[in-house]
Each structure stands twice: as structure tokens, then as C-alpha cells.
Amino acid sequence: MAEPTIGAGAGPVALRTSALAHLEQRMRAAAVSGDRGVTLAERPFITMVNLRVEPGSEAASRVEKALGTPLPQRCGETTAAGPHSLVWLGPDEWLVLSEAEGATVAAELREALAGAPGSVVDVSANRTTLELSGPAARQVLEKGCPLDLHPRAFGAGQAMSTTLGPVPVLLWQTDAVPTYRLLPRSSFADYLARWLIDAMTEFRGPALSAATVGPAAAD
């Protein structure tokens, strides 16, 4: 059979493949339903722009106006407006996540800087996004995340840099379901997805109660 040919009009966007396209079926098959339910999916090709600007400066005000939302001011904080969500990375650094096209977002932010000290870098190709959701999602993450993920300490609208197993990730809880978005480097995405699939496996069975575990432990 002849190899398929690529049309002359095909551009790089039409030809791109996500970091976890090869695991799509395995992630779908790993889903668990019910009271211990949890699902895993990739949300690829989200625009990500790294922004640095001096907080409180005139340039920062112009950036906030362009984005339609204030810049988060402290660790763990996020803000959002329209197609844009902003995550705090450091005292003068943020990650802009957007449904808009990356080049457009970056161009608008550079225009807002207007030559002031700072930087705008489209880093969309640097990471992918995994979405973990369901009643058991927090318990899955607690198998390998050092953060306190109890709602009293980490809730909807918060995002922090952490690790899951050995993989550095940006962890963002988007709602109270709970739903989490995990942003690993693309080169670590395969390992992380397989780690999560394995961690989800136990939730297919019934929960073990203290009464069930106790006698066995005593033997």
C-alpha cells in the first residue's frame, strides 16, 4: 500500500499531534464511574504565554487592561476573564492560559508592555494539559503529590507548582467536583499519564473499610 501523501495546502497546525494522542484510548478505558469515579483526558493545544512584568507598574496596568483581569498577586491565586486564565508563578511572573491563538495573545501583551521592562514568550509547545476529574480525583493525586489537597487548604481556583510522583507539574483545581488540570512538560507527559492510569486502577473495586482491613491486619 502506498504511503499517504500530505496535501500541499496542509499547514503545521493541521499536521500537529498532541503529546498524548497515542494514549487517548487507554485514558478513556481507565475511566471509573460511580461514587469512586474518576476520568482522565488530555486537553491539548491550549495557548500558554509566559509573562513577566513589574507588579503595580504602568505596564502591568496596561497588561491587565489587555487581558481584562487583574494579575494574581500571591502564590496559589488565579484570575480569569473571557478566554484567558492567569496563574501566579512568581512575584513578577505569570502563565497566561487562553483559548485564543497564541501569536495573537503574545502580540497583544507585547503591545501592552510598550517597551517597558518585562517579557512575553509563547510557551504553548512546552507543556500539555491533563484533566483529572471525579469524586476520587483528589485521592488519586494524593498517592504522589506532597501538597495538602484537602478543600480547607487547596480548592477551586487555586494553582501551584508541585510534583506528582517524580514529575514537576503545575496543578490547577478548576472546580469543586473536583476537576484538576495538570500541566507537565510535554517530554514527561507520557510517564505522568501512565502513572495516573495506574493510580486510578484501585478505584474500580469497592472501598476498603476499617472493619474489613482490621481483622486481616490482626492475622
Side-chain angles (χ1 to χ4, degrees), residues 1-34 36-50 83-85 87 89 95-106 121-147 149 159-175 177-205:
M1 180 183 295
E3 291 293 326
T5 56
I6 297 172
V13 171
L15 299 175
R16 64 185 177 178
T17 301
S18 73
L20 294 173
H22 62 294
L23 291 179
E24 181 179 357
Q25 292 184 352
R26 286 195 60 182
M27 289 189 286
R28 189 182 301 117
V32 180
S33 59
R36 285 159 57 82
V38 60
T39 61
L40 178 65
E42 184 185 19
R43 300 289 181 238
F45 311 131
I46 294 174
T47 290
M48 303 183 195
V49 176
N50 185 272
H84 310 308
S85 296
V87 176
L89 295 180
L95 185 65
V96 180
L97 304 163
S98 182
E99 299 170 10
E101 201 275 327
T104 300
V105 175
V121 182
D122 186 345
V123 294
S124 303
N126 194 26
R127 302 175 188 256
T128 191
T129 302
L130 281 158
E131 187 169 271
L132 187 75
S133 184
R138 175 163 67 94
Q139 288 88 335
V140 170
L141 293 178
E142 287 173 337
K143 289 172 176 280
C145 180
L147 290 180
L149 299 177
M160 295 190 72
S161 295
T162 184
T163 57
L164 188 59
V167 179
V169 298
L170 181 62
L171 178 64
W172 174 24
Q173 184 175 339
T174 60
D175 62 35
V177 171
T179 299
Y180 300 93
R181 288 195 173 183
L182 300 93
L183 283 66
R185 305 289 185 187
S186 294
S187 57
F188 296 148
D190 178 271
Y191 179 96
L192 183 62
R194 294 176 190 273
W195 189 98
L196 287 165
I197 289 170
D198 182 68
M200 291 164 63
T201 303
E202 75 164 85
F203 295 94
R204 292 185 176 278

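Just so it is clear, the model here is predicted, and its values are computed rather than measured. In this chain, residues are counted from 1 in sequence order.
Ser18 contributes atom OG, which lies 9.0 Å from atom CG of Leu23 (distance to the nearest 0.5 angstrom).
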Inset, instruction - Given side-chain contact (heavy atoms from CB on, under 4.5 Å), test Met200 with Leu132 step by step and report yes or no. - result: CA-CA 10 Å; Met200 291 164 63; Leu132 187 75; 4.2 Å; yes
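For residues 22-31, the pairs satisfying side-chain hydrogen bond (donor to acceptor under 3.5 Å, both in side chains) are His22-Asp190, Glu24-Arg28, with sequence neighbours left out.
In this structure, Ala31 and Thr39 approach most closely via the heavy-atom pair CB-CG2, 4.0 Å. Considering every non-hydrogen atom in both Pro168 and Thr163, the closest pair reads CA-CG2, 4.1 Å. Of all heavy-atom pairs between Leu171 and Cys145, the closest is CD2-SG, 4.3 Å. In plain terms, the two heavy atoms of Pro135 and Gly34 that are nearest each other are CG-O, 4.0 Å. Contact detail for Trp195 and Gly144: the closest heavy-atom pair is CH2-N, 3.6 Å. Nearest heavy atoms, Met160 versus Leu147: CB-CD1, 4.1 Å.
Using a 4.5 Å heavy-atom cutoff, the side chains of Val96 and Val87 are not in contact. With a 4.5 Å cut-off on side-chain heavy atoms, Tyr191 and Val167 count as touching. A 4.5 Å side-chain heavy-atom check between Leu182 and Glu131 finds every atom pair outside the cut-off. For the pair Phe45/Arg16, a side-chain contact is recorded, criterion being any heavy-atom separation below 4.5 Å from C-beta on. With contacts defined as side-chain heavy-atom distances shorter than 4.5 Å, the pair Arg181/Leu97 does not qualify. A heavy-atom distance below 4.5 Å is not found between the side chains of Arg43 and Leu130.
Applying the salt bridge (charged side-chain N to carboxylate O under 4.0 Å, His left out) test to Glu202 and every residue at least two apart in sequence or in another chain returns Lys143. Partners of Val123 by side chain to side chain contact (heavy atoms under 4.5 Å, CB included), not counting sequence neighbours, listed by chain and number: Met48, Asn50, Leu95, Val121, Asn126. Among residues two or more places apart in sequence or in another chain, the side-chain hydrogen bond (donor to acceptor under 3.5 Å, both in side chains) test is passed with Thr174 by none. For the side-chain hydrogen bond (donor to acceptor under 3.5 Å, both in side chains) test, no residue two or more places apart in sequence or in another chain qualifies with Gln139. Arg138 is linked by a salt bridge (charged side-chain N to carboxylate O under 4.0 Å, His left out) to Glu142, counting only residues two or more places apart in sequence or in another chain.
Heavy-atom contacts from other residues, nucleotides or ligands closer than 6.0 Å to CZ of Phe203 number more than 12.
Checking Thr179 against Gln173 by side-chain atom types alone, no donor-acceptor pair falls below 3.5 Å. Side-chain contact annotation: Ser98 with Thr47, donor-acceptor N/O pair under 3.5 Å absent.
Within the 3.5 Å criterion, the main-chain N or O of Ser186 finds no donor-acceptor partner in the side chain of Arg127. A donor-acceptor contact shorter than 3.5 Å links the side chain of Thr201 to the backbone of Ile197. Between the Glu42 side chain and the Pro44 main chain, no donor and acceptor come within less than 3.5 Å of each other.
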